[in-house]
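By convention in this document, chain letters (A, B, ...) are assigned in the order of the sequence lines, proteins followed by strands, and residues within each chain are numbered from 1. The shown structure was predicted, so the numbers you read here are calculated from the model rather than taken from an experiment.
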Amino acid sequence: MTPILELRGITKQFPGVLANDHIDLTLEAGEIHALLGENGAGKTTLMNILYGLYLPDEGEIVVRGKRIVTRSPNDAIAAGIGMVHQHFMLIPVFTVTENVMLGQESMRAGVFLDREAAARRVREISDLYKLEVDPHAYVKDLPVGVQQRVEIIKLLYRQADILILDEPTAVLTPQEADEMFKILRSLVEQGKSIIFITHKLREVLEIADRITVIRRGKVIGTTTVAEADQNTLAEMMVGREVQLSLDKGPAKPGDTVLEVTNLMVLDERKQLAVDGVSFQVRAGEVLGVAGVQGNGQTELVEALTGMRKPLSGSIRLLGQEISQATPRKITEMGVAHVPEDRQQDGLVLSFPISDNLVLNTYYQEPYARGAVLQEKPILENAQRLIKEFDIRTPSALTNAGSLSGGNQQKVIVAREFSRPIKLLVASQPTRGLDVGSVEYIHRRILEKRDSGCAVVLVSSELDEIMELSDRIVVMYRGQIVGEVPAEKATKEGIGLLMAGMHANLA
Amino acid sequence: MATTTLRREIEVVSPTRQRVMGVIFLIIGAAIWLLFSRSVQTGQVTTFVLTPGGIDMSVPDWKLPSLATLNVLAAACAFLGAFQLARARGFGKRTNLVLGIVSGFFIFGFLTWAAAGQSLNLAGLLNSSLLKAVPLTLGAMSGILCERAGVVNIAIEGMMLAGAMVGALIGSLTGSLLAGLLTAVLTGALMGLVHAVLSIKYKTDQIISGTVINIFSIGITSYISAKFLQVYQDLNNPGIYANWDIPLISRIPILGPILFSNNLFVYAMLIFMIALHIALFYTRWGLRLRSVGEHPKAADTLGINVYRTRYMAVILGGMMAGFGGAYFTLGSVGRFDEVMTAGRGFISLAAMIFGNWTPFGSFGAGLLFGFADSLASKLAILGVKIPSQFLLMAPYVATMIVLAGVVGRSQAPAADGQPYEKE
């Protein structure tokens, strides 16, 4: 039988990087084929080529034995290829039906949109594939899990039978991910073929039939689930042996460092994002804050670090009230902040590394004398930290913006961790980083804990939370819906809490 | 999982705002009494004429005892203010509506006072508000076309000005109003094309591109005006479109003469408004145009040509602005004067925002600004003792109040002003 899709020798050169280097990939009809690789390995580029968003420099695409050229998404759609992008391609102010039919609208009298007919099609598809969704709901009102279903319905509406899913589980709770896997299984049973892009090993082994690993734009190998395990896959992905689990000693909690009581915080739209949250963190322990993105974690962190004034409630750091304090005051009191969006809030991308490393101390001796910055101490500080934190850069004067994500994060970690700190607030500290950098950052966080620092770790990656935390709280719709000691935590239990079910965990 | 948002809605009507509003209602009530009631003599009568001038249709005038009317209005405002303060949550979500009513009372009180012992042509006032709303609404619709597709257009002013000039010039040269009108529209299209090329192809900052077009337009039209139009008067005498009474409905008392006894531009504006509303929200064309303004990348992945859609939208927007510009010369004045648009293009933008990027909303906003404008000229005629400079400020003050106070709630297209970069 001819494979439904073949990529032969796909090569794509971007300025400075060879994103895809003669990649071959074969998708058999009715299989789920995982494309595994680290961030930046070239998975998304390859799929964007297939979907007609980029033109390849070399190579050919063969669908059902026929060579095609995808110059635009229209060509891909016509060939039966559909793609769910990592960042959803949905228009929040449109309804589900409008989003689905956009580009292939049902018409009445040749001119007018026939929303009813399109909604009927949406309903048919959602019944057939068990993708439950209200066709008339506005997308902005839907949780991400449902938005993802809308994306899949969009493909099915266009009668795609080769489905590409780019990191589909990144925004889902474990339960939603399981639900998603069920949907994928049923799609395959109905004759669809799926390419599943991910960097999560566990998912690959759970859902895929075959696995192709790519690294730095090259195919390292294709294997089957039966032949592979987590360690061999990780090694293929990274190119060296990786330690997947951390050595973590037991926590030795000391005095209470941070005490939050009944905190309420509004978001930009003046809606209650943090709704009466209370917790404590003691010296030498890691408190993990789990939850699906957008359940108030961002606003909580902003309140803790002084970037957002709370509506009410108290935040006490070592007994002192800081809920109305300025960010600088809070920083000076020994709070370190690794922000969620490192490029937006963590660094000034157009500044050199040396300046970024003193962003919160530049006004103090020895970096400034009066109003004048002292270049020499700033540079010396940078050179010391670059060595100590293993920041890979051509020089201390390189702009932060030209570093890789992992090295950017190391700059932030170096700046924050090199001060004497009492509390570390780390938000999504390893998002988008490669396995090596993740390992490094995790080790640094645990070192801080062991040296007596209190740590608040906010992450939507449940694996990360479970690995690093000593205690875990789960946020759902702005409230803490449960607290679990790490040794008793299970993925399922926390997943249920993340979805808002108050499970009996004890 | 339920299909709900992740945030709890809390009532944002803050208690302070409630109290401040109550006090404002009381102050307005007091102002009506102090400023107006006390300077009106008992027995004076305010006469509102309900037929615009030049129409042979007799509707009886509306005669109101000035003092009693003012006292009733003041009392009503005071009552609403007291109610707002007394009840726990006042008028709650309807507070803004009540604010509108109270403002209406104030304006009506002002008119009653200003025309005490005289007569004011209320129908004429409304008719001229409508006429002044014409260029504003057309300009706003030009903005809607561009911005709904994601291109900010602050060049409306320049496009209207150029349209006005070309309309007058070509209209005079050919002796045909239609030729003038068509070339005005064409000029707008051309300037739209320039804006589109700069901001879509070359990804220039759209504010800069718009500003450049405005400055260019003021320069070139003033030059041509000074060099030719002022010198050869024959080049600046296109005439204007005459009023055309729509049979039957123009005879409806009060409303008929205000709405249905106007020239081409008024009817065209009303038709464009309805057509644009339908096109934007009920056709494939509109769905695609809006998708490009909200999330161009999503539109691109569905095979919609983002660049082509934006070009089309900006050029159509330019045509709309050119048509709006032609109103000044071919629909209203009958000749071109330097910088005769006088900032109307910018007020159009305010009307567009106030109208929440919808045609009907923009028309409403245009009427409001038009009313402020025509009120100023009417009052000058009545000889009200307010310096004329202040009266001339009225439309701009109204613009500022509206932009500062009400605009918080309107929602711009998400990708408005962002150039689309195809990777």
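Inspection of non-hydrogen atoms places A/Pro73, A/Asn74, A/Ile77 of residues 72-84 of chain A under 4.5 Å from chain B. For residues 302-311 of chain B, heavy-atom neighbours of chain A at less than 4.5 Å comprise B/Leu302, B/Gly303, B/Ile304, sorted by residue number.
Interface check for chain B: of the options A/Leu102, A/Val111, A/Ile91, A/Leu90, the most heavy-atom pairs under 4.5 Å are formed by A/Leu102.
For A/Glu132, the side-chain contact (heavy atoms from CB on, under 4.5 Å) partners at least two apart in sequence or on another chain are A/Arg149. Judged as a side chain to side chain donor-acceptor pair (under 3.5 Å), and not counting sequence neighbours, A/Glu179 has no contacts.
Looking at A/Arg108, neither its backbone nor its side chain comes within 4.5 Å of chain B, counting heavy atoms on both sides. Both the backbone and the side chain of A/Phe112 have a heavy atom closer than 4.5 Å to some heavy atom of chain B. With a 4.5 angstrom heavy-atom cutoff, A/His85 touches chain B only via side-chain atoms. For a residue to count as touching a neighbouring chain, one of its non-hydrogen atoms must lie under 4.5 Å from one of that chain's; by this rule A/Phe14 does not touch chain B.
A donor-acceptor contact shorter than 3.5 Å links the side chain of B/Arg288 to the backbone of A/Gly103. In this structure, B/Tyr282 contributes its side chain and A/Asp114 its backbone to no donor-acceptor pair below 3.5 Å.
With a 6.0 Å radius and a threshold of 12 heavy atoms from other residues, nucleotides or ligands, B/Lys201 has its NZ atom at or below the threshold. The environment of NZ in A/Lys130 is sparse: at most 12 heavy-atom neighbours from other residues, nucleotides or ligands sit within 6.0 Å. In the displayed structure, A/His136 atom NE2 is contacted under 6.0 Å by more than 12 heavy atoms of other residues, nucleotides or ligands.
At least one side-chain heavy atom of A/Phe94 sits less than 4.5 Å from a side-chain heavy atom of B/Leu287.
The CH2 atom of B/Trp285 sits 13.5 Å away from atom CD of A/Glu105, with the distance rounded to the nearest 0.5 Å. Atoms CE and NE2, from A/Met89 and B/His295 in turn, are 5.0 Å apart once rounded to the nearest 0.5 Å.
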